[in-house]
Amino acid sequence: MHPGLDCPVMPLPLTRSKALLRRARKLMPGGVSSPVRAHTQVAGTPPFIVRGRGAYLEDADGNRYLDYVGSWGPLILGHAPPVVMRALRRAAAAGTSFGAPTELEVLLAAKICGALPGIEQLRFVCSGTEAVMSALRLARAATGRSRILKFEGGYHGHADALLLEAGSGVATLGIPASPGVPEAFTRLTVQAPYNDLSALAGAFKRYGDELAAVIVEPVAGNMGCIPPGPGFLEGLREICDRHGALLIFDEVMTGFRVAWGGAQRRYSVTPDLTCLGKIIGGGLPAAAYGGRRALMEQVAPSGPVYQAGTLAGNPLAMAAGLATLEALEKPGAYKRLERRSAELTQGLQERAAAAGVELCCAAVGGLFGFFFHEGPVRNFDDARRADPARFRVFFRAMLEQGVYLAPSPFEAGFVSLAHRRSDIRATLEKAGRAFEKVARMR
Ligand code: HOZ
């Protein structure tokens with residue numbers, strides 16, 4: 001029995017998912033293609049998904065769930081939105097990959113450059129990890145410096161130098177530093193607590209003229225959801241400028257999710273380089289890194305910084321991303337998203353309080369999170385103090401009632417434009433029952 005699971009829960013019928021998991025575990029580590037999907041932290045069986053429509057998912061046993069994961073962020077329009085499906089059918093009919101330039105890349109690049117103040121030019125890649133690795137290489141080349149600074153609990157994909165004290169699955173599984181990453185590779189990575197400008201000043205005092213870049217999730221989304229405190233992003237910009245380091249916003253999660261134009265538009269702080277992923281591929285694998293023209297022109301073939309990819313700018317991904325951004329550009333989209341997330345987190349806060357459970361919630365655009373913690377939660381240390389046993393009981397009680405949340409307290413939640421007010425209301429009713437279960441824990 002796992003701690004916190006000693007209160008009765010109605011078992012979900014997961015017969016087929018359990019059988020598939022047994023088979024999958026023989027064929028793939030943990031039975032999954034990415035560790036965050038394994039339900040390790042919540043000691044459960046991941047439902048094997050067969051289809052998604054709008055805000056809902058259906059698993060192999062026919063269970064239906066209201067989805068707040070959205071494929072970990074890309075599905076801001078919900079599952080299988082007709083505009084994206086149409087664009088995909090059109091693109092697929094013309095061929096799936098050419099390894100040659102296409103008009104779709106130009107259209108999507110123009111849309112992104114028009115939306116993000118920090119991007120004049122960009123390079124498409126296939127994943128957020130790849131975008132970050134490439135941006136760091138460019139930052140090091142452009143500054144002639146080697147060190148980089150990241151924040152504790154920040155997750156920027158699985159590149160060697162960034163797996164230190166990382167959030168997301170690394171935090172969920174409690175892996176402080178991954179085996180297989182030579183110490184020499186991480187010696188150049190400096191860390192500081194998120195939302196703490198005085199600690200940052202200390203790091204700059206020590207390493208200032210060696211730092212090529214500071215990389216940050218402008219709204220932290222991989223240690224739960226933690227918004228930047230007042231002045232934090234502005235302070236980052238200022239200290240980077242003072243020391244000649246580049247500022248990299250990892251907007252893989254926040255790009256087109258917290259606002260049209262991402263966190264840099266929402267908070268009016270312009271980074272030197274930006275990494276994007278998730279939403280810009282509309283549910284297909286696409287990512288990008290971009291910045292000022294003068295910087296980006298150092299990338300091959302314009303410049304000497306080498307980076308390449310067979311499936312980069314894939315026409316299906318470009319078509320899905322473009323259709324998604326065109327839908328998001330419509331007036332009122334972000335207002336609606338913001339309203340839904342606020343209704344959800346305010347409601348969660350109220351239901352938790354009514355059950356006598358301490359909860360600290362945050363929402364920014366279509367990103368949200370909650371901690372079983374009295375709050376405030378400003379950084380990774382605070383996030384780690386939240387009660388994992390309470391999270392487990394809450395998560396399982398919600399899943400039993402058909403609400404699909406990320407199976408870890410170190411992940412954010414995602415609201416989509418397919419979530420209706422009635423979905424949020426139904427979620428809150430279920431959350432009320434789940435909080436009562438949490439309150440009954442010894
Ligand atoms: N970046 C995603 C949210 N933490 C996780 C995706 C994954 O690792 O599979």
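Keep in mind it's a predicted model, so treat the numbers as computed, not measured.
- Between Glu183 and Arg187 there is a salt bridge, since at least one side-chain N of the basic residue sits less than 4.0 Å from a carboxylate O of the acidic one.
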Discussion item. Under the criterion salt bridge (charged side-chain N to carboxylate O under 4.0 Å, His left out), I'd like the reasoning laid out for Arg425 against Glu429: C-alpha separation, chi angles, the key distance, then a yes or no.
Written reply: CA-CA 6 Å; Arg425 272 200 296 264; Glu429 254 170 56; over 6 Å; no
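- Inspection of the Glu152 and Asn379 side chains reveals no N or O donor paired with an N or O acceptor under 3.5 Å.
- Scanning for ring pair (Phe, Tyr, Trp, His ring centres under 6.0 Å) contacts around Phe368 gives Tyr68, with sequence neighbours left out.
- When atom types are taken as modelled, the side chain of Arg53 and the backbone of His79 share no donor-acceptor pair closer than 3.5 angstrom.
- When the salt bridge (charged side-chain N to carboxylate O under 4.0 Å, His left out) test is applied to Glu338, the partners found at least two apart in sequence or on another chain are Arg266.
- Formation of a donor-acceptor pair under 3.5 Å by the His419 side chain with backbone atoms of Ser416 is found in this model.
- In this view, Ser198 and Asp196 satisfy the side chain to side chain donor-acceptor pair (under 3.5 Å) rule, not counting sequence neighbours.
- For Lys430 (side chain) and Gln401 (main-chain N/O), a donor-acceptor pair under 3.5 Å exists by modelled atom type.
- Annotation: side chain of Ile148 is not in contact with side chain of Val190 (no heavy-atom distance under 4.5 Å).
- Within the 4.5 Å cutoff, no side-chain heavy atoms of Leu367 are placed close to those of Ser341.
- No side-chain heavy atom of Tyr155 sits under 4.5 Å from any side-chain heavy atom of Phe410.
- Ionic pairing of Glu165 and Arg384 is present here: one or more N-O contacts between side-chain nitrogen and carboxylate oxygen are shorter than 4.0 angstrom.
- Other residues, nucleotides and ligands place no more than 12 heavy atoms under 6.0 Å from the CZ atom of Phe185.
- Considering only residues two or more places apart in sequence or on other chains, Asn63 meets the side chain to side chain contact (heavy atoms under 4.5 Å, CB included) condition with Leu12, Pro13, Leu14, Asp59, Asp61, Tyr65.
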Fill in: Steps toward side-chain contact (heavy atoms from CB on, under 4.5 Å) verdict (Phe124, Met318)
CA-CA 9 Å; Phe124 286 115; Met318 299 293 102; 3.8 Å; yes
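- In this structure a side-chain-to-backbone donor-acceptor pair under 3.5 Å is present from Arg140 to Ser146.
- At a threshold of 4.0 Å, the pair Glu329-Lys111 counts as salt-bridged, since one of the basic side-chain nitrogens sits closer than that to a carboxylate oxygen.
- Looking at Phe256 and Tyr334, their side chains come closer than 4.5 Å, going by heavy atoms from C-beta outward.
- Looking only at side-chain heavy atoms (C-beta outward), His39 and Phe395 come within less than 4.5 Å of each other.
- Residues that satisfy the salt bridge (charged side-chain N to carboxylate O under 4.0 Å, His left out) test with Arg339, not counting sequence neighbours, are absent from this structure.
- Scanning for salt bridge (charged side-chain N to carboxylate O under 4.0 Å, His left out) contacts around Arg137 gives an empty result, with sequence neighbours left out.
- Phe391 is linked by a ring pair (Phe, Tyr, Trp, His ring centres under 6.0 Å) to nothing, counting only residues two or more places apart in sequence or in another chain.
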Validation: residues 270-286 side-chain donor-acceptor distances under 3.5 Å, sequence neighbours left out:
residue: Asp272; atom: OD1; partner: Arg292; partner atom: NH1; Å: 2.7
residue: Asp272; atom: OD2; partner: Arg237; partner atom: NH1; Å: 3.3
residue: Asp272; atom: OD2; partner: Arg237; partner atom: NH2; Å: 2.8
residue: Asp272; atom: OD2; partner: Leu247; partner atom: N; Å: 2.7
residue: Thr274; atom: OG1; partner: Gln264; partner atom: NE2; Å: 3.1
residue: Lys278; atom: NZ; partner: Trp72; partner atom: O; Å: 2.9

Let me have the donor-acceptor pairs involving side chains of residues 204-213, under 3.5 Å, with sequence neighbours excluded, atom names and distances please.
residue: Glu210; atom: OE1; partner: Arg147; partner atom: NE; Å: 2.7
residue: Glu210; atom: OE1; partner: Arg147; partner atom: NH2; Å: 3.3

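- To the nearest 0.5 Å, the span separating OG1 on Thr189 from CG on Asp160 amounts to 9.5 Å.
- Sequence neighbours left out, the pairs with a member in residues 404-420 that pass salt bridge (Lys or Arg N to Asp or Glu O under 4.0 Å) are Arg420-Asp423.
- Among the candidates Leu399, Val42, Thr172, the single residue satisfying the side-chain contact (heavy atoms from CB on, under 4.5 Å) test with Pro407 is Val42.
- In this structure, Phe232 has its ring center closer than 6.0 angstrom to the ring center of Phe151.
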Using residues 125-133 as the side-chain source, report each donor-acceptor pair under 3.5 Å to any protein atom, sequence neighbours left out, with the distance given to one decimal.
residue: Ser127; atom: OG; partner: Glu130; partner atom: N; Å: 3.2
residue: Thr129; atom: OG1; partner: His158; partner atom: N; Å: 3.2
residue: Glu130; atom: OE1; partner: Cys126; partner atom: N; Å: 3.1

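- In this structure, the side chain to side chain contact (heavy atoms under 4.5 Å, CB included) partners of Ala431, at least two apart in sequence or on a different chain, are Leu348, Phe394, Met398, Phe435.
- In plain terms, the two heavy atoms of Leu138 and Leu295 that are nearest each other are CD1-O, 3.5 Å.
- When all heavy atoms are compared, the tightest approach of Leu75 to Arg257 is C-NH2, 4.3 Å.
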